[in-house]
4 protein chains.
Amino acid sequence: MAGKTPAGSARSDAVRNRRLLLDAAAEAFAEGGVEVSIGEIAQRAGVGKGTVFRHFVSKDELLAAIMLGMLDELIDTASGLTTADDPGAALKGFLTAGVQIFVRDRAFCEVIGRPSLQHAEVRAAIDRLCDVAEQLTARARDRGLVRPGITGTDVALLMAGVQQTAAPLLAAEPQAWRRYLDLVFDGITASTGRELPYPPPSHLSLA
Amino acid sequence: MAGKTPAGSARSDAVRNRRLLLDAAAEAFAEGGVEVSIGEIAQRAGVGKGTVFRHFVSKDELLAAIMLGMLDELIDTASGLTTADDPGAALKGFLTAGVQIFVRDRAFCEVIGRPSLQHAEVRAAIDRLCDVAEQLTARARDRGLVRPGITGTDVALLMAGVQQTAAPLLAAEPQAWRRYLDLVFDGITASTGRELPYPPPSHLSLA
Amino acid sequence: MAGKTPAGSARSDAVRNRRLLLDAAAEAFAEGGVEVSIGEIAQRAGVGKGTVFRHFVSKDELLAAIMLGMLDELIDTASGLTTADDPGAALKGFLTAGVQIFVRDRAFCEVIGRPSLQHAEVRAAIDRLCDVAEQLTARARDRGLVRPGITGTDVALLMAGVQQTAAPLLAAEPQAWRRYLDLVFDGITASTGRELPYPPPSHLSLA
Amino acid sequence: MAGKTPAGSARSDAVRNRRLLLDAAAEAFAEGGVEVSIGEIAQRAGVGKGTVFRHFVSKDELLAAIMLGMLDELIDTASGLTTADDPGAALKGFLTAGVQIFVRDRAFCEVIGRPSLQHAEVRAAIDRLCDVAEQLTARARDRGLVRPGITGTDVALLMAGVQQTAAPLLAAEPQAWRRYLDLVFDGITASTGRELPYPPPSHLSLA
DNA sequence: GATGAATGAGTTTTCATTCAT
DNA sequence: AATGAATGAAAACTCATTCAT
């Protein structure tokens, strides 16, 4: 009725543990993908398994919380770029930021790149990401800096593609993704005159 | 109970079972990814679980055998294209064939795209694939049909990237990969004059 | 944070919390049986889980406290009936009151009906219940209103039996127990001349 | 396609384990109720936990299999009694057999006596039990051996009631249920002239 | 005194792998 | 050689109880 904690602030040790947990889980998911066990996450955070479930109602919710944090960061970055002077550079900066997240995080790749995505909040965040991606793309498109039919959703999708291209190299060459990012960006900005052989994805078919 | 099969020796039965098993496993892995259980594969093949382990020492070996089969098919296709009249069309045909394998096969995506690939034979097959990809690429490169620094390994890697880009769309739009294949191909063939910001992967760093 | 409650000392707060807790627990146990979690009880009472354990040393003690409360109420009702004009009606009134408690309270059924009952205070209360039941029964027996060998303990035990008979019906027919109460009462009061094939329970063998 | 085992017969060791498992589970459920863990059952049977799930798809299925076995036995007993010479003795024999099952088996009491019963096969078996109980009851009723309104469902329900009445005594006096069985039977057969204050349950409202 | 965060043993269930038949 | 039964080590999740704040 009156909320969990009188003044709306959680206990300091709980806050600290939640932080520990999120960090440990983020690291574990990043390294091991969605398959890492709650047991390992708890161990990394230095807490008991029960504590994980006190803070997050299920493994899926924990995963979603972390994915949402990363998506929101990326959305913020993108928002900041919508008013940049050079729309082309802004779009490339956005793409770069996005690919870096994918490159660092195995779970992110697995969650975002799968055909059927369950979690409603994550889907909503992806929608928001596509929206702001479209803003950035539209500005560049209007000035002829990208090919006519390219959409924000295209750009968002290509982030995962660039990561996947470089994936087998990343252990030995952590920056190899930069090569494919540029190559794909050249594909986006190429003025071939030809139309692409398949229409752009409708916004909502993403998730 | 211990009776012989009328139309074959014990050995020919084993050969037939191996074939049954490979086909069933290929289908199962393609649809469900590497997580499909040995039980489901055995059931699809119409054999007992024990038979799976008689033919393949572990699940990983079975998976590797399937992956090798697909890689060999792709290598054959590529070999056939090395003498085609139009090197540009040949390269694109190769890329198309490769992406189609990825699109059809969840396990293939999961196995090939991982940073550290254990299985020696699969690594060797990927090396062979990169070799033949390099032959195709070199022919196109020599005629100025692709950018200067692009290698066969780049091309092989990009197959996975194109699939991953389209992955979230494929359930609703099974042909969406064609959009990104063209876009990436335009990136490969773009004559920007600029060099890519990161050197091509050395052949052996792949896995 | 550490503030006093305006209208009471710390002790009166504790008294109030104990009351809140007993009421909430009674309701929860009645609805959900002994399996309801301490968490749910605390939530219903609007207190923290720690408070439950400050007032009751374990879940079993809390449960016992509730059971004791109900047993004492029933004992009081029975005591009031020992001086009623019609000993037969008094006995039936007692039986009715008892069955109603069982019908309303899942935990009561589960606790009382188990072969080995641990809690000493609850056992003592059941003894007291049997005593007063015996008083009521004796009065009726003396006037020939019940069969010769029937004891107070028999009557007390039959309460649970009537409830259990009707249990599968109660969701659809909340008053169905009345059918079996009358049937059993007719069994108690039947003048068959025959003796029952097994002696009445000795008072102390109850738990 | 051709069934699990060629000739329709399971392997002898599997049959043996299934028997071991059913016996161990029956014993464990009888003693400890539905809450006994699969781990304990496996241990009692001398098999691994996995073996339990090989034979029964879930704990609920195992429990249902055992309950069904007991219900079917009781139904058979009842069927055999439908042609007995003395319908009154037959009805009492049926009641006795049923109460004995309840008395021996904690899980049976818990499963059958609960308001909402999930398992479809168990519900069907209970329906069958009520049917045959009605046959037995009708014969006795037609000869004026039981009160007019008493139905087979009443009789089936009363089995649980008799058990519950005696439950607290059974540890010390394992045969105490015989006392209450006779008392209840006298209630069923009493010719009071009075009607019971609540109508008999409709057949289907049982489960 | 009150709180609710942390704990960890315990539950059901899955599945690759081994082995008796 | 083939089978499928048995195994047991995980995994996600629950909850009574303890304890720092």
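A quick note: this is a predicted structure, and the numbers were derived from the prediction, not measured. Naming: A, B, ... by sequence-line order, numbering from 1 per chain.
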With sequence neighbours left out, write down each residue that passes side chain to side chain contact (heavy atoms under 4.5 Å, CB included) with B:A26, or none if nothing qualifies. B:I66
Please map the stems of DNA chain E, keeping only stretches of three or more Watson-Crick or G-U wobble pairs with both distances under 3.5 angstrom. E:2-21 with F:2-21
Examine E:dA5: is either OP1 or OP2 under 4.0 Å from a nitrogen or oxygen in the side chain of A:N17? Give yes or no. no
Close residues, residues 22-30 of chain A, relative to DNA chain E [heavy-atom separation under 4.0 Å]: none
Who passes salt bridge (charged side-chain N to carboxylate O under 4.0 Å, His left out) against B:E61, sequence neighbours left out? none
The criterion is salt bridge (charged side-chain N to carboxylate O under 4.0 Å, His left out); which residues satisfy it with D:E121, sequence neighbours excluded? none
Round to a whole Å and report the spacing from CD1 of A:I41 to C1' of F:dA12. 11 Å
Starting at CG of C:L20 and ending at P of E:dA2, how long is that distance when rounded to a whole Å? 11 Å
D:A30: what forms a side chain to side chain contact (heavy atoms under 4.5 Å, CB included) with it, not counting sequence neighbours? D:D105
Only counting residues at least two apart or in another chain, list the ones meeting ring-ring contact (aromatic ring centres under 6.0 Å, His included) with B:F102. B:F108
Partner residues of B:R44 under the salt bridge (charged side-chain N to carboxylate O under 4.0 Å, His left out) criterion, sequence neighbours left out: B:E27, B:E31, B:E40
Take atom CZ of C:R16 and atom P of E:dA2, then tell me their distance rounded to the nearest Å. 10 Å
Find the distance B:E40:CD to E:dC15:P and express it as a whole number of Å. 10 Å
So, is A:T51 near the phosphate of E:dA5, with a side-chain N or O under 4.0 Å from OP1 or OP2? no
Tell me if a side-chain donor or acceptor on B:E110 pairs with a main-chain N or O of B:V34 at a distance below 3.5 Å. yes
side-chain hydrogen bond (donor to acceptor under 3.5 Å, both in side chains) partners of C:D72, counting only residues at least two apart: C:R128
Please confirm whether the shortest side-chain N or O distance from B:H55 to OP1 or OP2 of F:dA2 is below 4.0 Å. yes
Over how many whole Å does the gap from D:L62 atom CG to E:dT11 atom P extend? 15 Å
Taken to the nearest whole Å, CG/B:L21 to C1'/F:dA1 is 14 Å
To the nearest angstrom, the CZ-P distance between C:R18 and E:dG1 comes to 12 Å
Whole-Å distance between F:dG8 P and D:Q43 CD? 12 Å
Check nucleotides 15-17 of chain F against the protein and report each pair of N or O atoms closer than 3.5 Å, with its distance, or say if there are none.
| unit_1 | atom_1 | unit_2 | atom_2 | d |
| --- | --- | --- | --- | --- |
| F:dA16 | OP1 | C:K59 | NZ | 3.0 |
| F:dA16 | OP2 | C:I38 | N | 2.9 |
| F:dT17 | OP2 | C:K59 | N | 3.0 |
| F:dT17 | O4 | C:K49 | NZ | 3.3 |

List the steps, then state whether side-chain contact (heavy atoms from CB on, under 4.5 Å) holds for C:F56 with C:L21. CA-CA 10 Å; C:F56 303 93; C:L21 216 35; 4.2 Å; yes
Sequence-distant partners of D:E35, salt bridge (charged side-chain N to carboxylate O under 4.0 Å, His left out), two or more places apart: none
Would you mind listing every side chain to side chain donor-acceptor pair (under 3.5 Å) that reaches into residues 14-26 of chain C, with sequence neighbours excluded? C:R19-C:D23
